[in-house]
Asks: 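Can you keep this structure in mind? I'll have questions shortly.
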Amino acid sequence: MQTDIRMTPGRRSYVEEPADPQQTRNRILQATAFAFVVAYPFLDLLFGWQALLAFIPMMLMITLALGLNIVVGYAGLLDLGYAAFYAIGAYAAAFFTSPNSPLASVLPGSPFAWMQDFWVSMVMAVLVAGCAGAILGAPTLRLRGDYLALVTLGFGEIVPRLVKNLEPWTKGVKGMSPIGRPYLFGCQFGVDPCEILGMKLKLGMIPYYYLTLIVGAISIFAIIRLRNSRLGRAWAAIRDDETAAQGMGINPVTTKLWAFSLGASFSGATGAIFGAYLQTISPDQFEYSTSVIVLCMVILGGTGNIWGVMLGGLLIQSFDRIFAERLTGWVHKAGALTGDPTITAAFNSFDLLKSRLLVFGLCLVLIMNLRPQGILPNRKRRETALTDLPEDDVAPDEAVMIAGATVPTEKPR
Amino acid sequence: MTTSNASGDVVLDVTGLTKRFGGLVAVDSVDFQVRRRQIVSLIGPNGAGKTTFFNMVAGQYEPSAGRVVFDGKSLHGLRPHQITARGIGRTFQNIRLFTNETLLENVLVGMHSRLKSGPLASLLRLPSQRREEGEAREKGMALLHLVKLDQYANEAAGNLPYGMQRRLEMARALASEPQLLLLDEPTAGMNPQETVNMISLIRRVRDEFGVAVLLIEHDMQVVMGLSERVTVLNYGQKIAEGTPLDVQRNDNVIEAYLGRRHKRPGDEEADGGTH
């Protein structure tokens with residue numbers, strides 16, 4: 001049933017969006033996807049897919065893309081150095097929890113020993129990355145478009161260089177390892193066996209999966225709320241027309257800083273989990289290519305639409321981490337089945353993992369040509385203008401004077 | 001000299017406003033006043049400095065000299081968004097809507113300076129934030145109703161035809177609860193019927209909201225039908241000021257628009273403009 005979107009002044013209730021069938025379909029799709037990801041670790045065990053370890057970094061990358069989408073999609077600020085914030089988050093967390101960190105010789109036994117807890121370090125990582133976002137965002141405020149992109153590119157280069165060269169703190173190119181694991185109910189993530197309520201469980205990496213899922217879900221939730229708030233509208237206004245936005249009372253400086261800062265804070269949490277999951281972080285994980293892949297996820301799926309961003313991330317990441325490998329394996333098996341040595345050799349020379357960047361590049365070229373707005377474009381704008389509109393229907397409620405014929409009677413005092 | 005009348009009645013008081021771009025003096029020492037609830041037009045041939053004058057009042061340009069006093073306070077050094085918060089709303093010569101956003105969102109953006117909720121309140125959906133959003137949406141719908149666009153509230157603004165976009169811009173400017181509305185060619189590109197409707201809308205807005213309106217206009221039908229006072233700029237200087245009738249009879253104005261009278265025998269009054 002079509003919901004009435006019109007509202008007469010004075011009516012208390014209002015409806016945000018009409019409940020059309022499309023939306024109902026979307027709801028069902030979302031619920032199914034949600035049920036799938038919640039049940040995934042068990043399905044994985046049940047069917048022996050063995051892709052759980054690919055799913056965790058995949059979801060981390062998607063969360064990262066959601067954070068970048070605030071900056072690029074909502075506020076329209078092209079950021080080519082987003083991995084810098086990811087790095088800052090990961091290193092901030094590792095700084096507190098890693099036994100290799102200079103803090104490790106100071107914190108234990110001190111009143112601040114609680115800071116070595118993973119959960120505290122994750123909150124710290126969010127705060128540090130958020131502050132870094134605001135600080136690094138400040139020099140870009142006067143810049144628009146290409147110039148802004150170049151400055152963010154600079155940040156993306158500076159941060160890994162700094163990490164490499166600040167050896168006493170970051171251990172340079174060797175990176176930091178190990179990193180404190182999260183504890184919950186006396187159970188250490190990723191360490192088996194795990195004892196909960198007297199039961200010894202072999203959970204493997206499943207706790208990390210759910211931690212990632214929960215952080216991702218909170219991010220989605222928070223981002224939707226932000227998008228539909230006063231700040232979210234200000235971002236959209238700045239993106240569409242900065243001059244007009246200023247004319248509407250929007251302070252471009254604070255609005256942009258919030259975008260950088262909030263966008264970066266999501267990568268802070270992601271970085272903290274990433275470090276704890278891999279147990280090691282090094283500067284080369286946060287190079288330019290990471291920023292570009294995350295940006296591609298945003299653009300491919302549909303800049304500004306979080307469902308699109310997630311879909312884009314899912315496609316790129318699942319190809320990268322699951323399908324490239326599996327497809328290669330299947331082709332090799334098919335070659336072996338023929339029994340002919342030349343054909344087997346020819347099939348064996350096929351390796352998607354080696355040419356994954358080529359495939360990736362080709363897909364980008366194709367999709368950007370076929371759907372320049374991304375796979376799931378931002379919802380509102382139509383392809384064509386409104387049709388079947390009535391003639392301009394504002395009735396003149398008074399006769400209007402024709403030039404020179406009559407002059408308004410009201411005289412200025 | 002500027003305040004020969006009761007100053008409490010003056011909402012905008014501009015003194016000696018000047019803007020130089022390099023050697024070009026776009027606006028040259030203009031004195032100008034708008035009273036509360038008054039509709040005033042700024043006219044002049046192309047390049048006379050009208051939009052530059054507007055941009056200085058709205059804070060887009062910094063004046064080279066002179067001062068702008070709004071509602072008894074100087075606007076010196078304020079950024080455009082601060083000026084909007086003080087109570088000056090504006091529309092743009094070439095419509096500048098947020099085309100990817102819905103009509104309602106456009107109007108809500110216009111309310112930005114009147115809303116308070118910060119990011120944290122929005123994240124937590126605090127009761128104060130929910131109430132504020134609900135009220136803002138209702139007010140937004142009422143404004144859309146005023147410009148007869150409420151039935152398209154959830155369309156993207158970029159999908160609207162031209163005349164409706166101009167009306168939406170008006171609703172968006174009103175959303176900031178201005179005391180002074182700056183309208184830069186509100187009827188540009190409109191057909192005669194749309195123009196007539198816009199004139200009645202502007203008058204209605206003044207009557208219902210009690211705002212003062214300062215408009216730049218090329219269409220003399222609009223200027224003469226709507227304004228209580230008209231100021232004429234030419235080459236950045238104020239060459240005439242007064243009631244529409246006074247201005248139409250002013251020799252300087254006729255000359256500015258049509259050239260010298262003795263060179264164009266048989267010419268009538270300055271009713272052509274440049275439009």
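Quick caveat, the model's predicted, so the values are computed rather than measured.
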Asks: Do A/Arg230 and B/His112 have side chains that get closer than 4.5 Å, going by heavy atoms?
Replies: yes
Asks: With rounding to the nearest 0.5 Å, note down the distance linking OG in A/Ser229 to CG in B/Leu115.
Replies: 10.5 Å
Asks: Side-chain contact, heavy-atom cut-off 4.5 Å: B/Ser122 with A/Leu231?
Replies: no
Asks: Between B/Pro119, B/Ser176, B/Ser117, which shows the greatest number of heavy-atom pairs under 4.5 Å with chain A?
Replies: B/Pro119
Asks: Taking non-hydrogen atoms and a cut-off under 4.5 angstrom, which of residues 84-92 of chain B neighbour chain A?
Replies: B/Thr84, B/Arg90, B/Phe92
Asks: So what's closer than 4.5 Å to chain A heavy atoms on B/Arg172: side chain, backbone, both or neither?
Replies: both
Asks: Is B/Glu169 in contact with chain A via its backbone, its side chain, both, or neither, using a 4.5 Å heavy-atom distance?
Replies: neither
Asks: When you measure from the side chain of B/Arg79 to the backbone N and O of A/Asn251, does any donor-acceptor pair fall under 3.5 Å?
Replies: no
Asks: Using the side-chain contact (heavy atoms from CB on, under 4.5 Å) rule, take A/Ile250 and B/His81 through it: C-alpha gap first, then chi angles, then the decisive distance, then the call.
Replies: CA-CA 5 Å; A/Ile250 291 167; B/His81 67 271; 5.5 Å; no
Asks: Please confirm whether the backbone N or O of B/Leu123 pairs with a side-chain atom of A/Arg225, one donor and one acceptor, at under 3.5 Å?
Replies: yes
Asks: Looking only at heavy atoms, which of residues 236-248 of chain A get nearer than 4.5 Å to chain B?
Replies: A/Ala236, A/Ala237, A/Arg239, A/Asp240, A/Asp241, A/Thr243, A/Ala244, A/Ala245, A/Gln246, A/Gly247, A/Met248
Asks: Relative to chain A, which segment of B/Leu143 carries a heavy atom at a distance below 4.5 Å: side chain, backbone, both, or neither?
Replies: neither
Asks: Above 12 or not: heavy atoms from other molecules or residues under 6.0 Å from OH of B/Tyr162?
Replies: yes
Asks: Tell me if the CD atom of B/Glu62 is crowded by more than 12 foreign heavy atoms within 6.0 Å.
Replies: no
